[in-house]
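A quick write-up on the structure given underneath.
Throughout, protein chains are lettered first and strands after them, A, B, ... in sequence-line order, and every chain is numbered starting at 1. Note that the structure is predicted; figures quoted are calculated from it, not measured.
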Amino acid sequence: MDGSEFRLVAEEPAAPARRVRVLLPLPFPEPYDYRVPDGMDLPDGAYVEVPLGPRRVFGVVWGDALPRDPDNTVPDAKLKPVARRFDLPPMPEVSRKFVDWVAAYTMSLPGNVLRMAISVSAALEEPRLLTAYRLGDDPIPPDFRLTPARRRILDLLADSPPRLPADLAEEAGCTPAVVRGLADAGILVPVPMRSLPRFAEPDHDRHGPTFSAEQQHAADSLRKRVEEGGYSCTLLDGVTGSGKTEVYFEAVAASLRAGKQALVLLPEIALSAQWLDRFEGRFGVRPAEWHSDLNGPTRRHTWRAIANGEARVVVGARSALFLPYPDLGCIVVDEEHETAFKQEDGVIYHARDMAVVRAHLGKIPIVLVSATPSLESLVNAEAGRYARIDLPARHGGATMPDVTLIDLRKPDAQPPARHWISPILKAALEETFAAGEQAMLFLNRRGYAPLTLCRACGHRLQCPHCTAWLVEHRLTKRLQCHHCGFTARTPESCESCGAEGSFVACGPGVERVAEEVVALFPDARTAMMTSDTLIGPRAIQEVVEKVKAREVDLLIGTQIMAKGHHFPLLTLVGVVDGDLGLAGGDLRAGERTFQLLHQVAGRAGRESRPGRVFIQTHMTEHPVMQALAAHDRDSFLAHEAEARQQMEMPPYGRMAALIVSGEDDRLVDQVALRLGRTAPRGRLELTILGPAPAPLAILRGRHRRRLLLKGPKNLPLQPVLADWLSQVEVPPQVRVQVDIDPYSFM
DNA sequence: AGCACGCCGACT
DNA sequence: GTCGGCGTGCTC
């Protein structure tokens, strides 16, 4: 047989395979190469499915990235073909650039950043058919047990279109099993549902509120920036109640008017029903919400609606920043000073800072909003990098509340032993109740007592996995670790000395203050607001409604009480322990405490009723307390800024932290010490601190050490860190995380 | 991240 | 004798 034809083909140099780089949402150092099948169109940003070892994964065509080592690319023979392309608009170039930028800045792997952008891999798939349920036509058989949960579900469906089991369960406060039970009994009838309802177009021309001259001016200025387009950053600085939200809604409206999307970032905790109501009041519809506890189908539906441009306005927690908006027109970061914008695990980043970067890359305006702006933003505004708009007045004529400091060192101000409410605060509460007004007691400490110890031997109950005391929660009758979720029953006897019933609670938590209040004011109707008692925005909203309906005289709670809720009849705020955040010596402690207490104080006396605030403290002379009492934010911040400047701390210098962690403390110490030895100490412009035990020396069973690197403001720290890290071998049991711009400077 | 392969304890 | 624990290593 004549094989010449075959030989001829074999000897011809094979045409190189068409290949694309595909970034996978996995912790790889770079994108992987794949072969492009004939006839498949794969532009940059295309969402694809590719084979990876024995499995198939989703990824994004990442054409621009070059291989790390161009001389040693993967040979054609090793290439696997792209399995399929999804029917979605490609990820926009700006989103891809953003992923690369954030990965480089935070020194994390691009795949880990990409994972935040495609959120849930199943988002790429066509939504499957959903099964909703409606009430059946037959009467309920008399022998069918109508439990309260079943009753609630039937009530919900009485006059509503068919609903999904997950939604029904969530709204009725039960598990989907209850819905399934009703369906199995034939009381609910399944209805196939094509998909979740579309996101309605917000009406930007609906009439907003009537603005004061100042508000109008602020709104006009923001609107103009959005209309002009291009990057700009504006700090909207306005006291609580100055109508900031309505003002920045005009920036959102301008973006919509230009046919573009808008993104509003809020700290998770502030994404309240009240905020959504205000949005609906202005735009007539609800925005697309993005936060951690969206259920699967809703998450996918929302992601797809954002990716294809159907969702016009997105309000979300920090992770919403990474979604692939095809045409974003402006970004708003509300409560920009909030520490909740700092993501501390996985990719460590500050959503406010990254939002500014995103705006820059997208050439769009961004608005940072706060009543107590971060020092970072104020310094940027002063340096002219940010524009600044002030909204000084409280809307509707309300005045700032009187702030009184209660000096707990003075004998006549001291509460009785094992009590936490000063006679002065008690008298103020009495007056408030007598006047038929409402009061709030704030203590940023969950549970009954922060520490439990044995009276006999002094043994303290500690978390087995963390360097933290176990917090007693009397409502759940359990001890809890607030860092890892460990819980345990309170032991009968001391595990150290065996004494029985010897445990004693030390210090106050909100539950203990509530107990004291009930004893002091048996007739007052009280309600608690903590993340333990109220799970989800709906539960919070219920309490808020009760307060508004005057069914509550006194609210006791932690910081979830302080965010965005408006209580018209509340005239007294008591801060049980104003010093709580100041302990520990962190340089940011003052700023943070001021922000929190200022926000809490702002709950008092809106709607033209004068408000009073009492802060219990052992440090009346502390600049934070003085600033709060004198309503003198600006000189306090100037003082803080000067202290930071002298120490060349952020925002006047740059910092990075290295966190070394692992289960084996000896190994962790070894790596930390090695990093300490190889630190770039020769460079005089750099300061290296540590290694020292990290703020939580043991967390979830992992030992943690920390090193800090400080340098001048204009010095890029990443190359220094990369060089430093490359010199130290890290065993796989130990992890070294880089935290650029750490929140705590300790 | 998964998922394989690979070497040492309690079981049908 | 096997089932299975999770330690290490690879995936274009």
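When side chains are defined from C-beta on, A/Leu667 does not count as touching A/His703, because their heavy atoms never get closer than 4.5 Å. Using a 4.5 Å heavy-atom threshold, the side chains of A/Ile366 and A/Tyr231 count as touching.
Across the protein-nucleic acid pair, A/Asp33 atom CG and C/dT11 atom P stand 13 Å apart, rounded to whole Å. As rounded to whole Å, 4 Å separates atom P of C/dC12 from atom NZ of A/Lys80. Distance, A/Glu30 CD to C/dT11 C1': 13 Å, rounded to whole Å. Nucleotide C/dC12 holds its C1' atom 8 Å from the CG atom of A/Leu24, rounded to whole Å. For the pair A/Glu49 CD and C/dC12 P, the computed distance is 14 Å after rounding to whole Å. The separation between A/Gln733 atom CD and C/dG9 atom C1' is 14 Å, rounded to whole Å.
A/Arg352 pairs with exactly one of A/Glu376, A/Glu335, A/Glu336 by the side chain to side chain donor-acceptor pair (under 3.5 Å) rule, that one being A/Glu336. Test A/Leu26, A/Val57, A/Val22, A/Leu52 against A/Tyr32 for side chain to side chain contact (heavy atoms under 4.5 Å, CB included) and you get one pass: A/Leu52.
Relative to the six-membered ring of A/Trp290, A/Arg299 meets both conditions, a distance below 6.0 Å and an angle of at most 45° to the axis.
Here the two rings, on A/Tyr105 and A/Tyr349, have centers that are 6.0 Å apart or farther.
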Once base and sugar-phosphate atoms are separated, protein heavy atoms under 4.0 Å mark nucleotides 1-8 of chain B, 5' to 3', with B, S and - as BBS-----
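Among the heavy atoms of the strands lying under 4.0 Å from A/Pro51 are primed sugar atoms or P, OP1, OP2 only; no base atom is included.
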